[in-house]
Amino acid sequence: MAAADTMFGESLKEFGAFDFNACYNCGTCTAVCSLSDEQNSFPREMVRFSVLGLRDDIHSSVKPWLCYYCGQCSTHCPQDAKPAELMMSLRRYLTSVYDWTGLGRKLYTSKAWEFGSIAILALLILVLFLFLHGPMTTELTDQGGVKLNTFAPWKQVEIGDWIMAGMLSFFLLSNIFNMYLKIVRKNKGLKIPIKLWFTELYNLIVHFATQKQFSKCDTLGTGKKFTFSSYWIIHWFLMSSYVIMFIMIVFFLGWFQTDNIYHWTHPQRLFGYYATAGLLTGVVWFFVARFRKSDEKSKHSHITDWTFLVLLFLTTVTGILVQIFRINGMPYPTYYTYVIHLMVLFPMLMIEVPFSKWSHLAYRPFAIYFDRVVQAAKKIK
Amino acid sequence: MNRKLGVYICHCGGNISDYVDVEKVKAAVEHDEGVFLARTTMFACSDATQKEMVEDINANQLDGIVVASCSPKLHLTTFRAVAERAGLNKYNYVHANIREQVSWAHSDNKTGATEKAIHLVKSAIARVRLAESLDPITIPSRKAVAVIGAGISGMRAAIELADMGCPVTLIEREHFVGGRVAQWDLLFTTDQTGKELVTRLYDDIAKRSNIRLLTGAEVIENTGNIGDFTLKVKVTPRYINERCDEGNLQRAIDACPVEVPDDFNFNITTRKAIYHNFPSEYPQYPVIDIKNCTRCGECEKVCGSIDFSQQEKTVEVKAGSVLMATGFDPYNPSEGEFGYLQFDNVVTLPQFKRIIDMCEEKLTFRGKDIHNIAYIYCVGSRQVEAGASSAGGSATDRYEEASRDISGENRYCSRYCCTSVIHSAIETKKRFRAVNNYHFTRGIRTYGKQELLYNESLKMGDIYLQSYENDPPSVIRENGKTTVRINDIMTAGKEISVNADLIVLVTGMVPRSDNRIASLFKLPKGRDNFFNEIHMKLRPVETVIDGVTICGACQGPKNITESVNSSLSAATKSFSYVSKGELELEPIIARVDAALCTWCGKCMEACPFDAVKKVVDGGKEIAAINNSVCKGCGMCLPVCPVNAIDLVAYSDQEMETMINALAEDIK
């Protein structure tokens with residue numbers, strides 16, 4: 001038995017949901033959803049849970065992560081209850097629920113916390129540089145480039161990188177573990193053979209790498225199993241760029257942050273171009289979409305959606321500038337831009353990866369993975 | 001009797017002629033005694049054939065016609081009109097049904113069908129040979145209408161009748177007008193209060209000199225019939241003079257030591273023996289409830305207007321038509337039904353409406369703050385057969401579960417309650433702080449514009465849960481806390497519980513428990529025990545008792561709009577009975593042969609319309625038929641032991657000759 005609680009709906013509104021109370025349970029949303037199926041029927045059920053405030057049912061549900069927000073449900077809702085936006089809000093809410101530190105909730109529901117944290121982390125970087133930076137030499141390399149590694153030796157920066165990566169992994173993984181407790185361990189009495197964790201593992205990898213569910217979104221009535229929608233392609237371009245960049249700066253910093261100026265066909269430059277192109281295209285594309293509000297999924301923007309885009313945009317632009325200044329032998333612009341670049345990059349990663357929007361990149365494939373394991377275990381039973 | 005008859009046999013396009021050999025029928029009857037002409041026709045009801053019939057009758061001076069076609073339910077009036085257009089008395093036309101009773105019924109046996117058609121047509125011919133020309137019965141009709149019940153329907157009807165120039169007597173049993181509507185506060189769509197509506201109608205009534213309002217008045221006897229009703233009305237006095245000082249009266253109310261449950265507030269409060277329901281209640285001076293008054297004299301000490309010498313009197317009201325607007329009772333749940341009278345925080349919807357009306361800043365009931373309200377829908381409406389729902393009801397020391405048995409006779413939907421409760425829930429939320437509304441429904445029926453209200457309440461965050469009739473919600477008291485539980489079909493049958501401070505049973509409408517008025521007028525009731533109209537769609541305010549119309553919720557659950565719609569309709573219908581000063585009635589009625597009648601009273605017992613009376617005629621007791629009341633149903637005929645009663649146009653002679661024709665051998 002579950003107790004109804006109207007207060008839950010109020011708290012969900014802080015995560016961006018609105019008007020979902022208007023739902024009269026016709027089920028049109030579920031009928032028009034291309035991703036809803038017999039095992040996982042949504043969004044009506046999630047709307048219902050939210051209206052009634054059935055927290056336990058929401059916390060243990062993977063369904064919000066199975067939705068990729070095509071917005072068809074909101075378009076067709078006769079009550080204008082905006083089920084798609086509710087699903088989006090539930091993803092924000094669940095992100096804060098999985099986060100055991102409680103920071104996620106603060107960052108989502110309080111602007112002071114969100115902007116305050118960014119400012120503090122940026123200041124931290126600034127202070128570190130003030131005290132620890134190397135000589136700001138104006139001497140150029142033989143190729144005419146700025147000696148960036150003299151100002152900020154990559155070995156030292158890498159130490160910071162590793163500390164940051166360690167913290168990110170710790171928080172994100174512990175949050176994923178928390179997610180596992182809520183979703184998988186919720187099925188009391190269900191025995192899951194260890195073997196299943198391996199046989200179903202491909203789901204995690206495939207869905208992370210391809211995000212193929214995204215391509216199935218909004219296919220209802222087209223007769224197709226998937227579409228190469230520009231939305232999916234751009235999102236994938238952005239995501240892959242982000243991942244490449246992340247790998248390069250955390251694992252291959254020495255190779256990436258070099259004082260050498262390679263020929264443009266060199267992998268260091270090619271990867272860099274790909275990643276910056278992807279980031280720029282994606283960010284601008286999403287910016288424009290959210291400004292124009294032309295499609296359902298871009299109509300409603302939570303403050304954290306904007307923050308993420310702005311931070312990502314600034315990171316990308318400052319990164320590009322650092323490269324331009326360095327190659328063209330402009331020492332001071334290179335140094336200052338580099339500091340600003342890190343002052344944006346660091347808060348963005350620290351806030352977004354474990355506690356906020358970025359984490360969906362991990363939660364989505366894990367949700368599918370956990371769901372498949374549970375389904376398979378139930379079948380055995 | 002030498003008659004000249006015309007017989008028309010219809011093909012009905014093939015509906016008849018595909019199975020009945022109409023030419024053979026024609027050949028079989030055209031030489032019957034009196035038949036001057038016999039024709040077959042493709043469609044007897046077509047304009048062309050109707051014109052042909054008129055020409056035939058005129059050209060040949062026919063004095064009787066038979067049409068053999070479809071059911072008389074379809075075209076009896078059509079061919080009666082044909083006869084009248086040809087100058088022939090319409091009762092000289094007899095109908096034979098050879099479609100529903102022959103071709104459609106015997107499509108498997110064409111020979112037999114044809115034979116049966118011949119028999120039926122022959123018997124119709126036999127009857128028309130004996131047909132008489134009849135004239136409608138004309139009776140005088142008094143231009144006055146008695147309206148019973150001064151609720152919203154009765155008051156509105158009275159005003160309408162008065163404006164059409166018809167004197168009206170408005171008879172109200174209570175001492176105050178307005179009925180149920182006066183008990184309601186804000187109403188949906190207009191956002192006026194019930195009191196405002198009643199005040200407006202009362203002012204309109206007071207302005208009209210041709211409305212006589214009797215309050216505290218109860219009809220105790222009804223004699224007469226359409227056009228001439230005589231009602232005896234017992235009028236209870238108020239025991240207070242009309243000219244009185246308001247301040248003194250208030251002091252008299254304060255002084256009264258008697259406290260009795262207050263009906264107006266559905267017994268959630270008490271009132272004095274001298275009372276008014278609310279300060280501006282109409283008529284605007286209080287009344288002494290003499291049944292509960294102890295005659296202690298306290299009120300007389302402070303107020304000079306009190307007059308215990310007033311006497312009950314009987315008033316005679318004469319009217320040509322009676323309009324019934326006696327309203328409804330709210331369903332009264334049985335003890336323990338969803339915890340009613342078992343738990344102290346379970347109330348009915350009418351009680352809840354009074355509670356929110358009486359609360360000022362804080363919503364409280366029995367001294368406790370109310371935040372979570374659970375509304376259980378369809379209590380006393382849409383009931384199911386016994387055994388179809390689980391009964392519930394168990395108790396241990398700290399755990400008590402109320403009965404959730406919803407079996408009963410009230411199968412109908414009360415229509416108004418969904419809207420009414422949602423409106424009240426919204427008003428409650430708007431007026432009081434921190435109120436959560438939980439609706440336990442069986443499907444929402446806020447039809448028409450009322451749907452907007454449902455939408456508004458959803459958007460305000462009201463929660464709707466739904467169950468089927470075989471699994472109603474349960475009300476549980478555990479450790480002093482009351483919860484309502486439901487297997488919510490909107491959440492895949494999941495059990496959801498709500499901790500409720502107040503439980504409102506959304507009770508529907510039932511017929512008035514005091515139904516003496518119905519027996520006085522012999523008003524027929526439907527299966528649901530509300531008054532019954534003649535035809536739900538086509539004659540919605542008339543009853544089988546001529547001259548008596550019905551409207552408002554005495555006829556079945558209605559909201560105010562629907563009640564007033566029907567009341568205006570009933571006013572017009574009642575006025576049509578009295579407007580001309582006389583009435584024309586069907587001449588097909590029973591007739592008593594005074595020579596044969598020995599008065600045994602059996603016919604009087606058999607008559608469902610009270611049309612038979614004992615009279616003394618030339619020193620002999622015989623039965624007499626009241627022409628204005630008799631419907632010609634024929635119930636009195638077979639019970640007469642001396643065969644003294646005949647029915648006009650259906651006399652024994654006519655019936656016998658028809659039977660003979662049916663039994664005749666066909667060559």
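Quick note on labels: first sequence line is chain A, next is B, and so on, each numbered from 1.
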[X] [atom1]: over 12 foreign heavy atoms closer than 6.0 Å:
{"X": "Lys106(A)", "atom1": "NZ", "answer": "no"}
{"X": "Trp113(A)", "atom1": "CH2", "answer": "no"}
{"X": "Arg411(B)", "atom1": "CZ", "answer": "yes"}
{"X": "Tyr399(B)", "atom1": "OH", "answer": "yes"}

Region of Glu10(A) that comes under 4.5 Å of a non-hydrogen atom in chain B:
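Looking at Glu10(A), nothing touches chain B.
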Let me know if Phe49(A) has heavy atoms under 4.5 Å from chain B in its side chain, its backbone, both or neither.
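Just its side chain gets close to chain B.
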Nearest-0.5 Å distance, CE of residue Met490(B) to SG of residue Cys23(A):
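Between Met490(B) CE and Cys23(A) SG, I get 8.5 Å after rounding to 0.5 Å.
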What residue among Asn436(B), Asp462(B), Asn437(B), Asn372(B) forms side-chain contact (heavy atoms from CB on, under 4.5 Å) with Thr6(A)?
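Option passing the side-chain contact (heavy atoms from CB on, under 4.5 Å) with Thr6(A): Asn436(B).
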Which is it for Leu54(A) and Lys494(B) under the side-chain contact (heavy atoms from CB on, under 4.5 Å) test, yes or no, and what are the steps along the way?
CA-CA 11 Å; Leu54(A) 305 182; Lys494(B) 199 176 171 65; 3.9 Å; yes
Hey, which of Thr491(B), Asn499(B), Asn487(B), Asn455(B) has the most heavy atom pairs under 4.5 Å with chain A?
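The residue among Thr491(B), Asn499(B), Asn487(B), Asn455(B) with the greatest pair count is Thr491(B).
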Could you check which of [options] has the highest count of heavy-atom pairs closer than 4.5 Å to chain B?
{"options": "Asn25(A), Asp57(A), Asn21(A)", "result": "Asn21(A)"}
{"options": "Gly27(A), Ala3(A), Ala81(A)", "result": "Ala3(A)"}
{"options": "Ala4(A), Gly53(A), Ala2(A)", "result": "Ala2(A)"}

Tell me, side chain or backbone of Asp488(B) under 4.5 Å from chain A's heavy atoms, or both, or neither?
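Contact with chain A is through the side chain of Asp488(B) alone.
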Report yes if some heavy atom in the side chain of [X] is under 4.5 Å from a heavy atom in the side chain of [Y]; otherwise report no.
{"X": "Leu52(A)", "Y": "Leu465(B)", "result": "yes"}
{"X": "Glu451(B)", "Y": "Tyr24(A)", "result": "yes"}
{"X": "Gln79(A)", "Y": "Leu458(B)", "result": "yes"}

Does any N or O in the side chain of Arg48(A) come within less than 3.5 Å of the main-chain N or O of Ala492(B), such that one atom is a donor and the other an acceptor?
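Here the side-chain-to-backbone pair does not exist.
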